[in-house]
Amino acid sequence: MGATSDGDRPWESYQTVYTNAKAGMDGVDKEKVQRVIYEMSKGSKYFENEQRKEAIVKQRIERMRAQCAKLTAKDIAQFQMIADKRILELESSRDLSKIWVHSDMDAFYAAVETLENPSLKGKPLAVGGKSMICTANYEARKFGVRAAMPGFIALKLCPNLVFVPTNFDKYMNYSEKTRKVFRGYDPNFIATSLDEAYLNITTICKDRCVSSQEVAEELRNAIYEETGLTCSVGVAPNRLLAKVCSDINKPNGQFILPNERKAILTFISSLPIRKIGGIGKVTEHILRDVLGINTCQEMLKKSAYLCGLFSPCSIDFFLSVGLGVGNTDTQFRLRKSISSERTFSSTEDQSLIFKKMEEIAETLSNDMQKESLFGRTLTLKLKTTSFEVKTRATSLQKYIQSKEDIFSHATKLLKAELPLSVRLIGLRMSHFCVGTPHSADPMQKTLSGFIFSGGASSSADTNADSLIDSEICFSDDVNDLPLGYDHPEQVDEKHLTHCTGERNEATDDRSVAKVCFIYIYSFYIEMPISSCTQSLMEGMDLMNEEDKSADNRALLSRTQEEVVLWINDYMCSLCGCELPPSFVEERQEHSDYHLAEMLQKESMDNFGKPTQGSNPVQKSPCVGRSARKRRNKSAHNDGKHIPIDCFFERSKKVRRP
DNA sequence: GGGATTTTATGAA
DNA sequence: TTCCATTCATAAAATCCC
């Protein structure tokens, strides 16, 4: 098959992400672009690695073809039944009641640069460096220049190309202006990047009795008035389709897909699969070369084969694409990892490699401090001189954040890989502990909620484990310990005996919670436990017996009331942090955070005792978790959500009919 | 053997 | 003359460990 014309036109087989057509590239001489990219790349280490990866994909395609060929008529009939059943289920989940908008700024970074420097107007412009371009304006796109293309190739395609370095502060500033406008149409809008967002305009349309077309026009005008920049929008009954629609009349245009099943199916029928978010170079290649699928509608025609080849998750995604069914609810995602990586000229010099890694550890640590994040899984990423990517990960006993901790654990990972010739080093932290609004675990009990609601959760989780599983944990840094203690173990022991009399296996979660609360309280106000234990313990015990003394009521209400006021029902009055109304748990936790802050401040006022160092609350008292196994790891996956980018080959252990 | 963790691959902006 | 980024999410496969 494929290897036909490689002799005459070798560039035709060299496909990269940026050889795919994008908005504004209609009149481009694709063959010329492809040839230039090939000529510039040929023979490089990068090129060789791309060929290696391409060969792996080809093998995969061959494997899948063989798998298809083995299917008997009976197999296919069986898979067709499974597919039809799933199609019916997905069809019945079709929701046409919502109106979604996808807004996408036109050549955002380039447009901002031109707005601030009008002399750039009309010139082909690329934002980014010599090694990589972030965005190209429409003048540059006529030459085949586009995002994710290395600068030196772009310059070859367009010798008059003007380069402007990126300036993210500037883009963030303009992005915030657009978000101000979005908020007026949907306070819970979903921002997916600096220049893209999804808005649910169902309510706006209904309340104001206007069509989605009018709202879309108004929105684009409002964005232009606020920023001086143009955007394109797509309107559709779900996010998957809205995203496709926003690309149709780019730039400075809009496309409305009505909320009618027939219109959607017509729209989908001829739509190339590559237009769908989540289907990239490899998936397109596989679907085309294995099953001959080019359009979304063909997903349904080949549904039996899809069921025979892919995982349930991928099948759901592909069939949804065929039906034009997509997500219609507003769901918020919390950060799951944070990373930093740098590319440099290849080196084998080990002292230099460690020096680079130390710099990255510092950057990462600083970024984590900005968001008060502590993580327990550290991943080292290496890209060798031959462009091969390796990752090495380790999960730790405690949560870390400091540069020293990150660097020392990364060093262990790196040492095992030496000797090495690398061009990139990266570090990533994940598995965060709670402590700030942005790192909240949705399953996490809130501090006040846990203590004052009696602590016990639904059913099984009613012993001291809940504290460990809830990831309330403490620093093992001697400097962070309460006065009079110098070892974390000593603290645990002293606290438990001091507060409960003796360490008791039968300790219920409520008393553990009390101990924990007193610990945290004493920790925050930096006072010996003995000075604050008595009254607090009494207070909580009395409350338990429903004693309604004024003091206890005060303590209770202080903890349960909303400490935070939400401006416009969106922004925290105390710190400006933004949390939409639907972030119920996160808001409660955020409130707890400020409560702890207030308790600390109050204690300073009362006792006139200055705190040492920076704000202890800010320090997020974490770290030091028991080695015990975690349970209910993925409890929040309800199985209904279809991730947009799950489309992998079905594993070997696939069930046969 | 099965759950947890690690590694690789894909995709998006 | 040089010569292909960074950050994040997620799924599947591979491996580890009890």
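Numbered from 1 within each chain, the chains take letters A, B, ... in sequence-line order.
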Please tabulate the protein-to-nucleotide N/O contacts below 3.5 Å involving nucleotides 6-8 of chain C, giving atom names and distances.
residue : atom : partner : partner atom : Å
dT6(C)  : OP1  : T343(A) : N            : 3.1
dT6(C)  : OP2  : T343(A) : N            : 3.3
dT6(C)  : OP2  : T343(A) : OG1          : 2.4
dT7(C)  : OP2  : E341(A) : N            : 2.6
dT7(C)  : OP2  : E341(A) : O            : 3.4
dC8(C)  : OP1  : R335(A) : NH1          : 2.7
dC8(C)  : OP1  : R335(A) : NH2          : 3.4
dC8(C)  : OP2  : S339(A) : N            : 2.5
dC8(C)  : OP2  : S339(A) : O            : 3.3
dC8(C)  : OP2  : S339(A) : OG           : 2.9

Atom CG of L334(A) to atom C1' of dA9(C): distance rounded to whole Å? 13 Å
Whole Å only: how far is the CZ atom of F387(A) from the C1' atom of dA9(B)? 18 Å
What's the CZ-C1' distance between F168(A) and dA13(B), to the nearest Å? 10 Å
Determine: side-chain N/O of S395(A) to OP1/OP2 of dT5(B), distance under 4.0 Å, yes or no. no
With nearest nucleotides of DNA chain B determined for T391(A) and H102(A) from heavy-atom distances, which residue corresponds to the more 5′ nucleotide? T391(A)
Looking at dT10(B), dC4(C), dA9(C), which one has an atom nearest to any side-chain atom of R333(A)? dA9(C)
When rounded to whole Å, the CZ to P distance for the pair F317(A) and dA9(C) reads 19 Å
Checking contacts here: which listed nucleotide (dC3(C), dT10(B), dA12(B)) is nearest the side-chain heavy atoms of V57(A)? dT10(B)
With sequence neighbours left out, what residues match D289(A) under side chain to side chain donor-acceptor pair (under 3.5 Å)? H285(A)
If the condition is side chain to side chain donor-acceptor pair (under 3.5 Å), which residues does T135(A) pass it with, not counting sequence neighbours? none
Would you mind classifying the nucleic acid contact of T379(A) as base, sugar-phosphate or nothing, using non-hydrogen atoms under 4.0 angstrom? nothing
Distance check: side-chain N/O of R274(A) vs OP1/OP2 of dG11(B), anything under 4.0 Å? no
Distance, rounded to the nearest Å, where D316(A) contributes CG and dA12(C) contributes C1': 16 Å
Within the modelled atom types, does a donor on one side and an acceptor on the other bring the side chain of S41(A) and the base of dC4(C) under 3.5 Å apart? yes
Could you please spell out the steps behind the salt bridge (charged side-chain N to carboxylate O under 4.0 Å, His left out) verdict for K355(A) and E359(A)? CA-CA 6 Å; K355(A) 192 167 161 277; E359(A) 286 166 14; 3.6 Å; yes
Residue pairs, two or more places apart or on separate chains, that pass salt bridge (Lys or Arg N to Asp or Glu O under 4.0 Å) and touch residues 149-170 of chain A: E113(A)-K170(A), E116(A)-K170(A)
If you measure from the P atom in dC4(C) to the same atom in dA12(B), how many Å do you get, rounded? 23 Å
Assign each of L155(A) and I133(A) to its nearest nucleotide of DNA chain C by heavy atoms, then name whichever residue's nucleotide is nearer the 5' end. L155(A)
Is the closest side-chain heavy-atom distance between L414(A) and L420(A) below 4.5 Å? yes
Looking at dC4(C), dG11(B), dA13(B), which one has an atom nearest to any side-chain atom of V282(A)? dG11(B)
Does the side chain of S314(A) get closer than 4.0 angstrom to OP1 or OP2 of dA12(C) through an N or O atom? yes
Does the side chain of M368(A) reach to within under 4.5 Å of the side chain of I406(A), using non-hydrogen atoms? yes
Do NZ/NE/NH1/NH2 and the carboxylate oxygens of K250(A) and D247(A) come within less than 4.0 Å? no
Touch class at under 4.0 angstrom, heavy-atom based, for K130(A) against every strand present: nothing
Figure out the CE/C1' separation between M132(A) and dA13(B), and round it to whole Å. 13 Å
Name all residues meeting the salt bridge (charged side-chain N to carboxylate O under 4.0 Å, His left out) criterion together with K336(A); count only those two or more places apart in sequence or in a different chain, and write none if there are none. none
Establish, with yes or no, whether the OP1 or OP2 oxygen of dA12(B) is under 4.0 angstrom from a side-chain nitrogen or oxygen of S193(A). no
Looking at the side chain of A148(A), which of dA12(C), dT7(B), dA5(C) is the nearest nucleotide? dA5(C)
note: E54(A), atom CD; dT10(B), atom P; distance rounded to Å ~ 10 Å
Separation of dA12(B) P from D195(A) CG (nearest whole Å): 15 Å
Not counting sequence neighbours, list each pair that qualifies as a salt bridge (Lys or Arg N to Asp or Glu O under 4.0 Å) and has a residue in residues 407-430 of chain A. R392(A)-E417(A)
Look at the side-chain N and O atoms of R392(A) and state whether any lies under 4.0 Å from the OP1 or OP2 oxygen of dT8(B). yes
Closest nucleotide among dA12(C), dC4(C), dA13(B) to the R423(A) side chain: dC4(C)
